[in-house]
Structure formats: structure tokens, C-alpha cells
Number of protein chains: 2
Amino acid sequence: MTGVSQATVSLVLNGRADSDVRIAPETRDRVLEAIRSTGYVADPIARRLAARRNRILGVFTYEPVFPAGTGDFFHPFLVGIEEGAESLGCDLLLFTSASVVDGRRRIFHEDNRLRLADGCVLLGRSLDRDDLARLVAEEQPFVSVGRRDDAGGPVPYVGADYPVATVAIVERAVAVGHRTLAYVGQGDHPVGPAPQTGLDGQDRPAAPESHADRERGFRAAVAAVGATGIREPVEDRSPADLLDSLLARGVTVAFMEEYADGSAIASVARERGLDIPRDLSIVALGDPTRPAPSDVDFTMFRIPRRQMGWQAVEVLTRLIEGTPGPTQILLDCEQVEGTTLAPPR
Amino acid sequence: MTGVSQATVSLVLNGRADSDVRIAPETRDRVLEAIRSTGYVADPIARRLAARRNRILGVFTYEPVFPAGTGDFFHPFLVGIEEGAESLGCDLLLFTSASVVDGRRRIFHEDNRLRLADGCVLLGRSLDRDDLARLVAEEQPFVSVGRRDDAGGPVPYVGADYPVATVAIVERAVAVGHRTLAYVGQGDHPVGPAPQTGLDGQDRPAAPESHADRERGFRAAVAAVGATGIREPVEDRSPADLLDSLLARGVTVAFMEEYADGSAIASVARERGLDIPRDLSIVALGDPTRPAPSDVDFTMFRIPRRQMGWQAVEVLTRLIEGTPGPTQILLDCEQVEGTTLAPPR
DNA sequence: CGCCCTTGATAATTCGTATTAGCGTATTGA
DNA sequence: TCAATACGCTAATACGAATTATCAAGGGCG
């Protein structure tokens, strides 16, 4: 149309005006006009092949991105990720094609398509360590939402500062007079990343970092004030059983790793005519990750999920572009006053 | 590593075993072994450039994909789309980069990236007609979730059969004795796709197809049985005002285009000591698209949203691959008995 | 007139894969 | 006896843009 070469069109299209690339203004205008009138759009695929950027950010989740029936713990993260991508002019690629093995998606599999994206955001309570190690080893740009232990190298992440938030909330409990505190959560893992072997001799995965971080904060805070810290596992126990155990051991405040477990205990306690928080204070260490009734105004802290998603995208683009800056970020949680923490009787 | 050409690797990689492509089993094994040991994965981008498929399906929404508010009318569609994509081994590309003009995203804009995907699913209550027309004209493979009028050609869609569902529910009302029925919805559009001019002389967009279809069903059913059909617009009116008007006009059953408006009227009616459905039956024509209290067990029908999403992906892949089959599909809605429809006094 | 520099554009190459037309020999069928 | 075909593989090319080396024309200078 303009009697101009493909190279010239490319130069015009990209607004190149370096010292070593010159386009006569008149030619530029002719090309621009042709582009406008034909509605020509450069093929992004070919573009990516030639250049190295795609402006596509991958989102990998171990569960479906659009959960079918949950109380949407992950939703706010995704909102933040979308906001971040939108403000950067990036599209989001959901790896729904990742094949499912043993009930979870796998990042790496025959014909993995990670490289469709410039980089990748990883979402999930616990990430597969082998997958992580491989990402690190292959120098794929990626960011984890949620802190992760090293996997053959430092893992870039944007997480919530559970230790600090937990310490703060434990201190509140101690300040109002509690001396016997319980941490109620999955398993009874010593702190640390290494996989463990259970009594049955089978390998048991380490606690997810998010759980370990809470427990570490709990132990540190309890130790610092010289109070009594008790550990109660939740697996295979009814809320009633748990409640019995807590009361029998003289616990006056329970810190719930999982909000939903707190709801369950509160509900049982109320059925028995117990007074929450007079007879037992209950504190939730974060937002519910499972659907839970919201009729109780828990004393708790909130995970800054949206902000985490947003910042993850920020870190990712830094990694992609090689811009300097922190690649491991912990964000503060918001303390919620609530009504389930009061001085013990 | 194997002393074999790139072409051979490609053939092995794709498991080509046509009559005109032969690879010695031994060579094949050597190549496969090399692939396994190096962890080589073909670059999907280059792949796409050479072949014509990408196994990426685009998802375009006029609003954020992950809505900030809850209530989430669109969520089930996305669940269905994800399920469909997953079962087909496709990834989903969210066009979050689409720039926002006048509060909505635009499909076409400078540097649009539609072609990153093999095809595209469109989601939104009302789609921009110019965008649609252009998609049709450019022969971009796409599917709309929700029926759409022609836009310079037939628009592929997977929609809900609102006319049939509405007719059925109107007939239920007539069967129990109602003779004065009201359709309560936005505006007062004559049926038809053409844009209209309001009293103020300004262009007013046509009713979205989903609304027009309901109203058409309503009118047809009312006419068929010789009952009285009344039209009540909702804009700029309080629920109290609406309720007054309905009762004053002798309406015994109101068909609500929008669930949330039904909730509002029911709530006002209850405050006044009225009996729903004795004093006024209220029927919701579909699931809530805005957050609405769910304390009322409405007589209504449900939009098969998840199934629509799923089938949209099916139709889209048919279009992409040129497989014959219907490209305009209407799915049945599920009638819900509910408790807000009863014989009039 | 010869030389160099500036200007504006292009031919050629690159990215990593898929595809296709052959390569030369040995076997088969007519 | 000869054409056709099976055999396993590779060279060459296409895909659509970005990039680079290069070129031709024109102007200024000694």
C-alpha cells in the first residue's frame, strides 16, 4: 500500500526513533495512515518470537482458578493479580491445561506451556517443592504468592507476615491476663522445612510455610513472656473433643490456625452453654480458607490478599525486566479487634 | 546429542506416524531419551507460529474477570469455561490488558491482542455491537455467552432460553388463577434490536437481548391466554413506589426481570404487613445479577450458567477446527418451585 | 573531482518450530 | 526387465515480526 518494506513498517509501528534509525516524517505518516485504515495489528505471537516479551503473565494454581464451591479464599488474590496486570497492560494466562496428577495440577509435565508467558505467578497453600526447585534451576521468572522456603535457591515471593501478626495477637491475649495459651492447628510439626516421617514410617509433608510461620510466631511470643504454650492438633478430632481437651488442660485462649475450626469450636461451646470469650477466648489466625459461618465476630488478623496479588505482579515484572528491587516481600496483616478475646475468668 | 536433524526431533516430538512419515523405532527411542534427559520442551510460541493452533482460548469480559464485589453473577460461567478448557487441554487467556474506555473494556483498540488466542469467549450482559460486527467481519473465531442479535451476520452463542422459561413460569401463574400480570424491568422497550431515542432526544441503548427475550416470552404467554399484561419500569423508582403502583393497578403477580428488585419489593411488602404471596405473588426471572438478600425462597427459574460456559467452549473449538455443528445454542432453564407464587385472593 | 558524512530506507537474518519435497537403494509387481 | 514403491531421514522453507548491516543519494568540503 505504501510502497515501503516490512522493516520500515515495523520501525514505524514501534515508534523507533533512535539515532541509528531514521524515518522521514512523511513516510511515517503514510505508514500510520495505512495501519489505521486497514486496522492492521501485529501478530503478537510472531512478535514474541522475534522480540523476547509477550506481556503475558501466567497464573498457575494447583486448584481450579475459578473454584466451584468454596468460600473463595483465593479470590482476593486473583483480584489483586488482575488489577496489577491491568495496570501494567499485561494479559493473564491461566494454565488450565496443566494435567492433573494425584488430584493436583502439576506445573511440569510433558508439553508444559509455561513459556507462553513472560513469567508466572504461583498460587496455592503449599507448592510442590520439586516444581519450585526446577523453576529456580531453570531461571524461569516466577513469584510465589505466600512465603516459601528456599528450594535450591531463594524463591521470590510476596507473603503475609504471619510471625509478626501472630506475635502481636498473642501479646494482646497476654496483656489481658491469659497465661495458658493453645495453638490449634494441623499436625504437630516441629518448626522447619524438612519433610518428616510419621509414626507409621510414612513420609509426611512438612507443614506449609504459612502454618509453620504462625506457629513459630506463637512459640516465640509465648516464650518471650514466659507463658504456657500448648499444642493441639486438629486432624481426626471432633470440635467437641478438641474443646474438652482445651478446657481439661486449663487453656484460656485458643489460637486457631484455621478460622473454620474456630467457628466449629465456638459453635459447640455455645451449644453447651459456655460463654465465649468468658469461658474460653478464641482467636483466628487469618481469614477462613474453608467456608465457615460468619456469625461470630472473631478477634483475628486479616491477610492482605488483594495487596499480595498486586505486589506479586510487581515483583514478577521486576524479575522479567531485570529491574533491581526486593524479590521477597512480607506484608503486614491487619489486626481485627473482634469480640472473642477477653480476660480469662 | 543424537546426531539427528531438527526435523526428525519435531517428528518424534509430535508422534507423527503417518504413512508418509517414518522414523525408525531405534532412532525414535534415542530422541525420546535425549528429550527426557534434557527436559527439553518445545517453545509453544514458535510452535504456534509454525502451526496454526495455540490451544489458547481467550476470555473477554467487559468487567474485571475477578469481580471485586461478591454476588458474582459471572462466576459460574467462568467455572464452566474453565472446566471446558481443562477437559480440552487448553489454556485460558484473560484479556486484562484491554484498555478501558468509558468505564468498559474495549475489545478492539490499538495493539489488541486477540490473536494470541485461537478463539475467544465473550462474556457480559450486553456486548458492544460494533465490536461484535467487527469480529464477525474479520472471521475471528468467537462465541458469545448469552444470545446475541445478528451483527452484520449471525453471532455464534450459547444462551439461556429465556422465552421458553418465561412462558412456562407465566403459564404456572395463570394456571393458579392470575389474570393481571406485570413485567417489571428496565425501561419500556418495544421488542427489537434497534437502538432507541429517549424522550430527552438522547440515544438510549437497546435492551440487552437477555431482557428483551424475557419480555418477549412474557408478552407472548400473556397474549396466548388472553390475560392482562402490564409493564412497569424500575429506573429511578423506589421499591415502595413500585409496590404502590402494582397494587393500584390490580396486579396480582409481578415478574421481575432482576432478582434483586424482587427482593427489594418483597422486603417493603413485608414491612407493610403484606403477605407474599397471598397479597402479591412475586416471580424472579433468573438468578440475581446483583447482590441480593437470599432470605426469600423465590419462585423462579435458574440460568444454567456453568453449562453455558462449558458449551461455549465446545462451540468455540468447533469453530476453530471447522467441525460442523450448531453454533447457536439455547439451553433450558431450571424451574424452581419456590414459595412466592400462590393463587390470588 | 574525490572524499566523507548524513539521511532514509531496505535486504537479509534471526527467533524455534512444523512441514514437505526429495535423497539413493532395495524390494515388489507386472 | 522396468516402473513403482517402501525405507528413514534431511535440507529447505514457511510462519510474521524485530533487528542489523548495508546501500544509494545527496550535500558539503578541500
Side-chain angles (χ1 to χ4, degrees), chain A residues 1-35 38-56 91 97 110-118 138-141 320-321, chain B residues 1-35 38-56 91 110-118 138-140 320-321:
Chain A
M1 286 182 61
T2 57
V4 142
S5 74
Q6 176 260 320
T8 304
V9 174
S10 174
L11 294 175
V12 169
L13 207 56
N14 298 330
R16 292 277 302 268
D18 312 5
S19 55
D20 45 21
V21 167
R22 273 177 297 259
I23 306 282
E26 171 213 336
T27 306
R28 179 184 301 273
D29 290 344
R30 273 204 341 267
V31 173
L32 285 176
E33 176 49 32
I35 289 175
T38 58
Y40 167 83
V41 179
D43 182 339
I45 292 286
R47 218 163 188 173
R48 151 68 193 244
L49 191 61
R52 294 269 163 203
R53 281 305 140 60
N54 219 354
R55 285 175 38 215
I56 292 182
D91 294 320
S97 71
E110 174 207 15
D111 184 37
N112 88 65
R113 298 157 47 86
L114 274 194
R115 288 151 78 198
L116 279 169
D118 295 337
E138 294 187 358
E139 300 188 6
Q140 264 276 348
I320 292 171
E321 288 170 7
Chain B
M1 285 182 63
T2 57
V4 141
S5 75
Q6 175 263 319
T8 304
V9 174
S10 175
L11 295 175
V12 170
L13 207 55
N14 298 331
R16 292 277 304 267
D18 313 6
S19 55
D20 47 20
V21 166
R22 272 180 297 262
I23 306 283
E26 171 212 336
T27 306
R28 180 182 300 273
D29 289 344
R30 266 193 1 255
V31 172
L32 285 175
E33 176 50 32
I35 289 175
T38 58
Y40 168 83
V41 179
D43 182 340
I45 292 285
R47 217 158 189 179
R48 150 70 193 238
L49 190 61
R52 293 266 164 208
R53 280 308 137 61
N54 217 353
R55 287 175 34 216
I56 291 182
D91 294 319
E110 175 206 15
D111 184 37
N112 87 64
R113 300 158 46 87
L114 275 193
R115 289 152 76 199
L116 280 169
D118 295 338
E138 293 188 359
E139 300 187 9
Q140 264 275 346
I320 292 170
E321 286 170 9

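Worth knowing before you read on, the calculation uses all heavy atoms, side chains too, and leaves out hydrogens, waters and symmetry mates. This is a predicted model, so every value here is computed, not measured. Reminder, nothing fancy here: chain letters follow the sequence lines and each chain counts from 1.
Distance check, rounded to the nearest 0.5 Å: OG1 of B/Thr2 to CG of B/Asp29 gives 12.0 Å. Note that the CG atom of A/Leu13 and the OG1 atom of A/Thr8 stand 12.0 Å from one another [nearest 0.5 Å]. Here CG of B/Leu49 is found 5.5 Å from CG of A/Leu49. Values are rounded to the nearest 0.5 Å. For the atom pair A/Ile45 CD1 and A/Leu116 CG, the distance stands at 7.0 Å (nearest 0.5 Å).
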Below 3.5 Å is the cut-off: list the nitrogen or oxygen pairs between protein and nucleotides 24-27 of chain D, distance only.
none

For nucleotides 19-27 of chain C, print each protein N/O atom paired with a nucleotide N/O atom at under 3.5 Å, atom names and distance only.
residue: C/dT19; atom: OP2; partner: B/Arg16; partner atom: NH1; Å: 3.1

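Atom-to-atom, CZ of A/Arg22 to P of C/dC5 comes out at 14 Å; the value is rounded to the nearest Å. Going from atom CG of A/Leu116 over to atom P of C/dG16 covers 15 Å, rounded to whole Å. Going from atom OH of B/Tyr40 over to atom P of C/dG16 covers 9 Å, rounded to whole Å. The separation between A/Leu49 atom CG and C/dT13 atom C1' is 13 Å, rounded to whole Å. To the nearest angstrom, P of D/dA17 lies 9 Å from CG of A/Leu13.
Although no hydrogens or angles enter the test, the distance criterion places no donor-acceptor pair under 3.5 Å between the side chain of B/Asp91 and the main chain of B/Ile56.
Using a 4.0 Å cut-off on heavy atoms, the residues of residues 23-32 of chain A that approach DNA chain C are A/Ile23, A/Ala24, A/Thr27, listed by number.
Residue A/Arg47 places none of its side-chain N or O atoms closer than 4.0 Å to OP1 or OP2 of D/dG16.
Screening residues 4-17 of chain B for salt bridge (Lys or Arg N to Asp or Glu O under 4.0 Å) gives B/Arg16-B/Asp18 as the qualifying pairs, with residues at least two apart or on separate chains.
Note on the helix from C/dC1-D/dG30 to C/dA30-D/dT1: terminal axis deviation equals 70°, with five pairs used at each end and the result rounded to 10°.
Residues passing the side-chain contact (heavy atoms from CB on, under 4.5 Å) test with B/Glu321, sequence neighbours excluded: B/Arg53, B/Thr323.
Two residues are said to be in side-chain contact when any heavy atoms from C-beta on lie closer than 4.5 Å; A/Arg30 and A/Val12 fail this criterion.
Residues B/Ala46 and B/Val4 each lie close to DNA chain D; by heavy-atom proximity, the contact nearer the 5' end of the strand is made by B/Val4.
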